[in-house]
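Notes follow once the structure below has been shown.
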Amino acid sequence: MTSGLQILILGLALGGVYALMAIGLSLTYGVMRILNLAHAAFMVLGAYLAYWALQILHIDPLVSILINGPLFFILGIVLYRILFVPLAGRSRYTEATLLLSFGLALGIEGIMGAMWTGIYRLANPSYATRSLVFGSFYIPEGQMYATAASLGILIALWGFLQKTRLGRAIRATMQNRTAAQIVGVHVERISALAFGLGMASAGVSGSLLSFLFPFFPGKHWQWISILLSLVVLGGMGSLIGTVVGALMLAVASVYVSSALGPTWSPATFYAALFLVLMIRPQGLFGKREV
Amino acid sequence: MLILEIEEVSAGYGMGPDILSRVSVRFEAGLIHCLIGPNGAGKSTLLRVIAGLLRPRSGRVLLEGKVISGLRPDQILAHGICLVPQDRSLFPDMTVRENLLMGGYIERDQRQVSRRMEEVLEIFPEVRRHLNHRAGTLSGGEQQMVAIARGLMVHPRVMMLDEPSLGLAPLVVDRIFEAISRLKTMGITVLIVEQNVRKGLAYADRGYVLDMGRLSFEGPAREVMEDPRLQELYLGRMVLSNREVQG
Amino acid sequence: MTLLDQIRIATPHRLETRSLILLSLALVLFLLPLLQVVSDGYNYVLHVLMVIFMYIAMASGWNIIGGYAGYTSLGHPVFFALGAYFSGVLLVYRGWSPFWTAPIAGLVATLFGFAFGLVALRTRGPAFVISTIALLLLAQLILDNWEWVGGSNGLSLPMIGWPYRFYKIPFYYGMLLTALLAIWVSYRIRHSKLGLFLRAIAMDETKAEVAGIDTRMCKVIAFAISAFFAGVCGALWGYQQTYLRPTIFLTIGAAADLVLINLVGGRGTVAGPVLGAALRVGLDELVVNQVGSTELNITVTGLLMVLIVLFFPGGIVGALRERRHLPRLLDWD
Ligand SMILES: Nc1ncnc2c1ncn2[C@@H]1O[C@H](COP(=O)(O)OP(=O)(O)O)[C@@H](O)[C@H]1O
Ligand SMILES: [Mg+2]
């Protein structure tokens, strides 16, 4: 049995990474009501790219963030223009986007399976097996770098959203799409930008995933349901909520993992999801939809 | 001098019927124009068409002789036409300062935006003390002021206000209309939609009566006020609102 | 005109010569196993038809919540597994035949669907689909680790005691009856008040609520009914396979099948899922079994889904109806 403080440390460290993984989902839903079920599939794709970058080109997964980020950003903008723009103006838009992204997720899963087979992979940079010990506490070195990278990226994203003109336009579009149009925001362009950012976050999360958790093509379903659970807990479309939800559920899952065994740690997320839907369906920071 | 011309505009939503059918109106530069008409007449729809939020099915909108219908909302805004919609459409989770900054969104130069914000705050000093408050926490009257101030951020030539007095206490309504008069002194052409007919026409230079998607009649505000057709339109269809009876 | 009136007018109600043709088709299907009785060699045909019936039943059931109400569920494999394990366990531990426990398995699935729906369908919008994915993965986790029902190794079931020549026949009839029941229920719901309410919900849930419809209860009932057919099919299919394993039932791929069948055929129509199921199984037999299955199958499923959402959101029935080319034979609404 691990001590309470140790659980908290590991949980918060993990939560930082989950927050980065989920922030893009929240962003795309918040800005344009797209529920991107393929988000985690792209994340796993990012993990494969990071894995092969390490195996073949000896590029450290932490460095491959710099490749995956821009790559997935561009991919996101292209996909948004090709696949999601034609859906604009459809009645039941969100439903259409979730079916579309469901198909996309299946498509990517199949391609990854064909290219890299179904075996488990885990990138193995030198720091992946080391741990840092502080007194009676420890933290795996890889986890620490991943958390630091996640926090860095999240803070950069936060700064972008708070302090820049485009970032403000993204938040404005999230809060009131018509009002954003009224002040002259070209909402389609902002949507493409937000989708690109969401995809970029999936790509960079993939780099971190590659050495933190074993992965295979079908694994993304587990990831998407974990991430969506914490997004729902935080309140769909609330970025702060997503971060808080990630931290809370990560701590809870580390606790469950140490009490019942790691098998049951994903169940924490599902149980939390059902609990939220029972008690407060709009989530912690969500507004009740009128 | 004419500034805005609506030529035979028809418009509607989705596959639905025409809400506006072949409406033609002309607005003079520098005046306050008040659009009145019963609920559902299509007043808000007309403003939405002008702002580019809704494409007309036929007809044109011209600004100083140039066709602007068909342009995107941001392009129309760049031509100096701004809209303060019925629900004020502020960004509730942003501060008032951020709302004003968003008002200047189409200006890329942030120094210009800051300078303009100072100017706007000079014109509406009452907004200044709320700068760091979240817009969603303000009262209705304060929100309306912020919405007008936000509209001013783009140096508009035409400002359209959709029912600015909606849901406000009579004293606050007076403050809003007083602010609207300030717009006129700045040379801005104003289009107001008002349910509060008496008040709206009292401040306006010209009145326009819209009914069932058509322009029913128009004229100098005072004449419209006295016109028996107006009494008929309102008394026949709907009882005067309490506010109006008081005011 | 209210929303409900609009929908009512758009719903013609007719049944004539077309029903004769369809009834005679059903009769042929009922008599078909006689061929196998008379001369061996039709087991393959019976098997393929049985699979089609199974997909028809499940997809028609899915359509009640996923099509009429417009709430995509990826959780239906859970009801399938629930039915399979319910009847399978009773067979292994009690010796009770799934042929008569299957309807009970369906009811268990219904009950479970009702309870789950009460939680998952409280809100409007995408929280539902998220909760169904979570349900599926949670069920996987539980079955994988529950040794009493065999864990991830699964559970072997005793074979049906019939001679090889005839052993497909009871399954054939079981699935055929389930499929016919599903189509009938789907048709009845479509023409009931519940169906009207469900389609109002799909069009505009807020307006439906304002019109005084108890939207939550409608959705929950639709979900519960739709779970029934997956439960029955699971019970029969498990027995037919003679073993139960979490991975053969409980995959997102299986959920995707139901979605795709409905999308191809036309979700929200009575004939859509039937058509989609026949196509799905037919193509599978013709193409996949010739070429061999690869990792790319799932890519094809995904791409088809993307293309249909983009270009034929109404599916075959929807597209034909829009162009007014829908043959009366296929117009079951
Ligand atoms: N977004 C919309 N979608 C469909 N119909 C609308 C929409 N907005 C307004 N309408 C309809 O258009 C008509 C005129 O509305 P509006 O222009 O808001 O009238 P007014 O502002 O004069 O009260 C009403 O019948 C209303 O139901
Ligand atoms: Mg209005």
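Residue numbers start from 1 in every chain, and the chains themselves are labelled A, B, ... in the order their sequence lines are given, proteins ahead of strands.
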Checklist entry - Which residue out of C/V300, C/V129, C/L118, C/L141 racks up the most heavy-atom pairs below 4.5 Å with chain A? => result C/L141
Item to check | Close side-chain approach of C/I130 and A/M236, heavy atoms under 4.5 Å | outcome: yes
Item to check | Which portion of A/L35 sits near chain C, non-hydrogen atoms under 4.5 angstrom | outcome: side chain
Checklist entry - Which heavy atom of C/T299 sits nearest a heavy atom of A/G110, and at what distance? => result OG1-CA, 3.0 Å
Next on the checklist: For A/I108, which atoms come within 4.5 Å of any heavy atom of chain C: side chain, backbone, both, or neither?
Outcome noted: neither
Next on the checklist: Would you compute the distance between atom CD1 of A/I82 and atom CG of C/L310 and round it to the nearest 0.5 angstrom?
Outcome noted: 10.0 Å
Checklist entry - Around C/E322, counting heavy atoms of other residues, nucleotides and ligands shown, do more than 12 lie under 6.0 Å from its CD? => result no
Item to check | Over 12 non-hydrogen atoms of neighbours within 6.0 angstrom of CZ in C/F312 | outcome: no
Item to check | Per-residue contacts, residues 244-253 of chain A versus chain C, heavy atoms under 4.5 Å | outcome: none
Checklist entry - Do A/F274 and C/L138 touch side chain to side chain, with heavy atoms closer than 4.5 Å? => result yes
Checklist entry - If we only count heavy atoms from C-beta on, is the A/Y270 to C/L135 side-chain gap below 4.5 Å? => result no
Item to check | Beyond-backbone contact of A/P266 with C/L137, side-chain heavy atoms, under 4.5 angstrom | outcome: no
Checklist entry - For A/T94, is it the side chain, the backbone, both, or neither that has a heavy atom closer than 4.5 Å to a heavy atom of chain C? => result side chain
Checklist outcome for this item: Interatomic distance, CG@C/D144 vs OG1@A/T263, rounded to 0.5 Å, equals 9.5 Å
Checklist entry - Can you tell if the side chain of C/F311 reaches within under 4.5 Å of the side chain of A/P86, non-hydrogen atoms only? => result no
Checklist entry - Hey, what do you get for CG (A/L106) to CD1 (C/I298), rounding to the nearest 0.5 Å? => result 5.0 Å
Checklist entry - Between A/A105, A/G113, A/S225, which shows the greatest number of heavy-atom pairs under 4.5 Å with chain C? => result A/G113
Item to check | Members of residues 249-262 of chain C whose heavy atoms come closer than 4.5 Å to chain A | outcome: C/I252, C/A256, C/V259
Checklist entry - Any side-chain heavy atom of A/R90 within less than 4.5 Å of one from C/P313? => result yes
Next on the checklist: Quick one, C/V309 and A/F102 - any side-chain contact, counting heavy atoms below 4.5 Å?
Outcome noted: no
Checklist entry - Checking heavy atoms, do the side chain of A/I111, its backbone, both or neither come under 4.5 Å from chain C? => result both
Checklist entry - Do we see a donor-acceptor contact under 3.5 Å between the side chains of C/T72 and A/E95? => result yes
Checklist entry - Can you tell me how far CE of C/M305 sits from CG of A/L99, rounded to the nearest 0.5 angstrom? => result 7.0 Å
Checklist outcome for this item: Value for OG1 (C/T123) from CZ (A/R280), rounded to nearest 0.5 Å, stands at 13.0 Å
Checklist entry - Of the backbone (N, CA, C, O) and the side chain (C-beta and beyond), which part of A/L98 lies under 4.5 Å from a heavy atom of chain C, both, or neither? => result side chain
Checklist entry - For A/L227, is it the side chain, the backbone, both or neither that has a heavy atom under 4.5 Å from a heavy atom of chain C? => result neither
Checklist entry - If you look at every heavy atom in C/S131 and A/L273, which pair is closest and at what distance? => result CA-CD2, 3.6 Å
Checklist entry - Taking the side chain as C-beta and beyond, is there a heavy-atom pair between C/I142 and A/W264 under 4.5 Å? => result yes
Next on the checklist: Given heavy-atom pairs under 4.5 angstrom as the criterion, report whether the side chain, backbone, both or neither of C/V306 touches chain A.
Outcome noted: both
Next on the checklist: Determine whether a donor-acceptor pair (N or O, by modelled atom type, separation under 3.5 Å) exists between the side chain of A/R92 and the backbone of C/G70.
Outcome noted: yes
Next on the checklist: Can you confirm whether more than 12 heavy atoms, excluding those of A/I240, are under 6.0 Å from its CD1 atom?
Outcome noted: no
